[in-house]
Amino acid sequence: MEDMLELFIASRDTYAADYIGFLRYAVPILAAVLLLRCVLPLLTFKREPEIWAWLNLKDGSQIPITHWENVIGRSKSSDVCINFPTVSRNHAVLTRYDDGSWTISDAGSKDGVLVNGKPVQICALKERDRISIGGVEMKLQPITEKQEIRQSQLRTKAASGWDTVANLLILTIFQCVMVLGYLLTGQKEHFSSILEGFGGIILCQWLLYIFYATIHRSSFELETIAFFLCTLGMAAIATVKPGETVKQLMAMFLGVVTFLAIGWSLRDLERAKIFRYVAVVAGVGFLLVTLVFGTEYYGAKNWLIIGGMSLQPSELTKVCFVFAGASTMDRIMTKRNLILFIVYSVLICGCLALMNDFGAALIFFCAFLVIAYLRSGSVGTVALAITALAFAGVLAFQIAPHALQRFTTWRHIWEDPLYTGYQQTRALMCIASGGLLGLGPEQGLLQYVFAADSDIAFATIAEEWGLILAVMSVLCIAVFGFFSIRTARVARSSFYSIGACTAASVLVIQTMLNCLGTVDVLPFTGVTFPFLSNGGTSMIGAWGLLAFVKASDTRQNASFAVRMQKGSEVA
């Protein structure tokens, strides 16, 4: 084996130049084919509402119930619109549970909700119960078990197993092509680390697919895109810090485990509610521990050093924050719960401000805006929150000059290219030198700049692998956002739709801050690029957020977070 390696090293210079020329075209072509195959099913699937029951009115008309949580009211935005003067705008919430049972609860209406002539706040429903909402009488007629199975079989199918295998084969070829490039241009002492890093990703993606196949799930597009981004991140690390490939690989393994654990918790909404309370406590706990025991780097006290390992707990708090913000419709209708969430958000952002981690605070605030709008539907609430942010921002600049320096450097990086603008000016020059197709692995100069594998990893990919591939990595994150918006309309529960939209928003906002900060379009905050930047907690947090996006997918045989119907081979 050693002799073969020595022979390869001795002869590689003969082929390196030709291979790098081939590499510059092969990599973007493989990436484009792969992403096209993964993105099209996510953005073009037919959105079909599921019918879970019917409301039978006295006049003989029927109203279909298309969600597990349904607001009944006079408002046009209600899931069940009853245009009658005595019905409140948001009168009641009709809820289905995993076992097929139903409840109805009053949403703070004027005339209340009657079941069999008795006023109720929340009541379990039977099929023949008489419901009165604002004087309008109706009965609930759930679909039968056979109808449920038939409905699941008629839903839009996810990609077939062979499509997924083909996608993974293309991704594996893409990864092998990149590895061979490093073997032809890299140093002998780094070969084992590079092979372990890329080989570990290949092993992990195929093992996860095999697990999906055993539980009869065929949709793997979201995961394939995530592994594609992890591969680009491994490429940046192989160039800048090849000794950390295995560490990042282990973080990715933990991220996948987190992804599966959160998906399992979301299979049952009652179980998800319990995890939600744990997440609320953990989210604050991570930040409080960092405040007390954290280490300050570059003006921000957002790192924990444990046994030689550096952790950034705020990345894990993002997952907890999404769990805390997602809620079922019966709780959303209670203003007290929204107020409690606002208090929780202020506490989170306050801790981050004390840590001088204003980049993370901005991400959390944007996530809060998404949750506040989805839960209240009020543009006024969002406008009020943005106004409060403006005042808080002015106060932060007075208290923390570190934050103000970020803004004074913004759009002025060329005035001091050797100090405050050093990273960004080098990033811009290296992106330009890389052109559309890149210079090849380890052929760039950005690898010698601080944080080339984390804060400005986007520029490292652009320099060595081309601007086309770097832009593709950004579009991957955008796809998560568009997919979440499409699934939100047919999601079974507000818990899933709010969780998916918020998680995708965090990923998109974080990517925007990272990439646009690198090229000086936005202030440089130092936040990571999800899945791509070097950082263990960032990787785990990104996979945790992806679990919420996955859980909102109701296509046939798509998400492991959606239970399979009894007697059916589809989900």
Side-chain angles (χ1 to χ4, degrees), residues 27-28 31-32 35 39 225-226 228-237 239-240 312 315 318 357-367 406-407 409-414 420-439 444-447 449-482 484 503-535 538-539 541-542 545-546:
V27 167
L35 296 182
V39 169
I225 292 173
F228 170 78
L229 291 172
C230 290
T231 302
L232 295 185
M234 191 62 72
I237 296 171
T239 292
V240 182
Q312 199 169 3
E315 295 291 340
K318 292 173 186 174
D357 193 353
F358 291 99
L362 180 59
I363 294 172
F364 276 93
F365 181 77
C366 292
R406 300 278 190 180
F407 278 85
T409 304
W410 179 39
R411 309 300 295 171
H412 298 282
I413 58 174
W414 294 102
T420 57
Y422 185 80
Q423 283 178 288
Q424 291 160 288
T425 53
R426 269 55 186 175
L428 286 169
M429 289 189 291
C430 290
I431 290 173
S433 67
L436 293 177
L437 301 177
L439 302 176
L445 297 176
L446 196 62
Q447 58 183 297
V449 177
F450 175 73
D453 58 331
S454 54
D455 294 355
I456 53 174
F458 170 80
T460 301
I461 296 299
E463 181 189 24
E464 297 198 348
W465 299 99
L467 187 60
I468 293 176
L469 199 64
V471 171
M472 284 183 188
S473 67
V474 177
L475 293 178
C476 288
I477 302 295
V479 167
F480 295 153
F482 284 117
S484 298
S505 297
V506 171
L507 294 173
V508 170
I509 293 164
Q510 192 166 324
T511 302
M512 290 175 58
L513 289 175
N514 178 278
C515 298
L516 297 181
T518 297
V519 298
D520 200 33
V521 174
L522 291 177
F524 187 58
T525 56
V527 300
T528 56
F529 192 125
F531 300 102
L532 196 150
S533 292
N534 188 6
S538 174
M539 177 67 75
L545 292 172
L546 186 65

Quiz item: Is a side-chain N or O of R426 found less than 3.5 angstrom from the main chain of L446, in a donor-acceptor match?
Solution: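 Looks like no, no N/O pair under 3.5 Å.
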Quiz item: Quick one: does N534's side chain have a donor or acceptor within less than 3.5 Å of a partner on I237's backbone?
Solution: no
Minimum side-chain heavy-atom gap [X]-[Y] below 4.5 Å:
X: I461; Y: S473; result: no
X: L516; Y: F524; result: no
X: L439; Y: S433; result: yes
X: I225; Y: F480; result: yes

Practice problem: Indicate whether the side chain of T528 and that of S538 have a donor and an acceptor atom separated by less than 3.5 Å. | Solution: yes
Atom [atom1] in [X], atom [atom2] in [Y]: separation rounded to 0.5 Å?
X: D455; Y: F450; atom1: CG; atom2: CZ; value: 6.5 Å
X: L436; Y: I468; atom1: CG; atom2: CD1; value: 4.5 Å
X: C515; Y: L522; atom1: SG; atom2: CG; value: 10.5 Å
X: L232; Y: F531; atom1: CG; atom2: CZ; value: 12.5 Å
X: L229; Y: M234; atom1: CG; atom2: CE; value: 13.0 Å
X: T525; Y: M512; atom1: OG1; atom2: CE; value: 11.0 Å

Quiz prompt | M539/C230 under side chain to side chain contact (heavy atoms under 4.5 Å, CB included): CA gap, chis, key distance, verdict | solution = CA-CA 9 Å; M539 177 67 75; C230 290; 3.7 Å; yes
Quiz item: Could you walk me through whether V474 and F458 pass the side chain to side chain contact (heavy atoms under 4.5 Å, CB included) check?
Solution: CA-CA 9 Å; V474 177; F458 170 80; 3.8 Å; yes
Heavy-atom closest contact ([X] atom, [Y] atom, distance):
X: L469; Y: A31; result: CD1-CB, 3.4 Å
X: F529; Y: N514; result: N-ND2, 3.4 Å
X: R411; Y: D520; result: NH1-O, 2.9 Å
X: L362; Y: L513; result: CD2-CD2, 4.0 Å
X: W465; Y: A235; result: NE1-CB, 3.8 Å
X: Q424; Y: G517; result: NE2-O, 2.8 Å

Exercise. Look at atom CE of M429 and say whether more than 12 heavy atoms of other residues, nucleotides or ligands are closer to it than 6.0 Å.
Key: yes
Practice problem: Evaluate the side chain to side chain donor-acceptor pair (under 3.5 Å) criterion for residues Q447 and T460: first the C-alpha distance (whole Å), next the side-chain angles of each, then the deciding distance (0.1 Å), finally the verdict. | Solution: CA-CA 7 Å; Q447 58 183 297; T460 301; over 6 Å; no
Practice problem: Start with the C-alpha gap between I431 and E463, add the side-chain angles, then the distance that decides, and say whether side chain to side chain contact (heavy atoms under 4.5 Å, CB included) holds. | Solution: CA-CA 5 Å; I431 290 173; E463 181 189 24; 5.9 Å; no
Exercise. Take T511 and V527 through the side chain to side chain contact (heavy atoms under 4.5 Å, CB included) test and state the conclusion after the steps.
Key: CA-CA 8 Å; T511 302; V527 300; over 6 Å; no
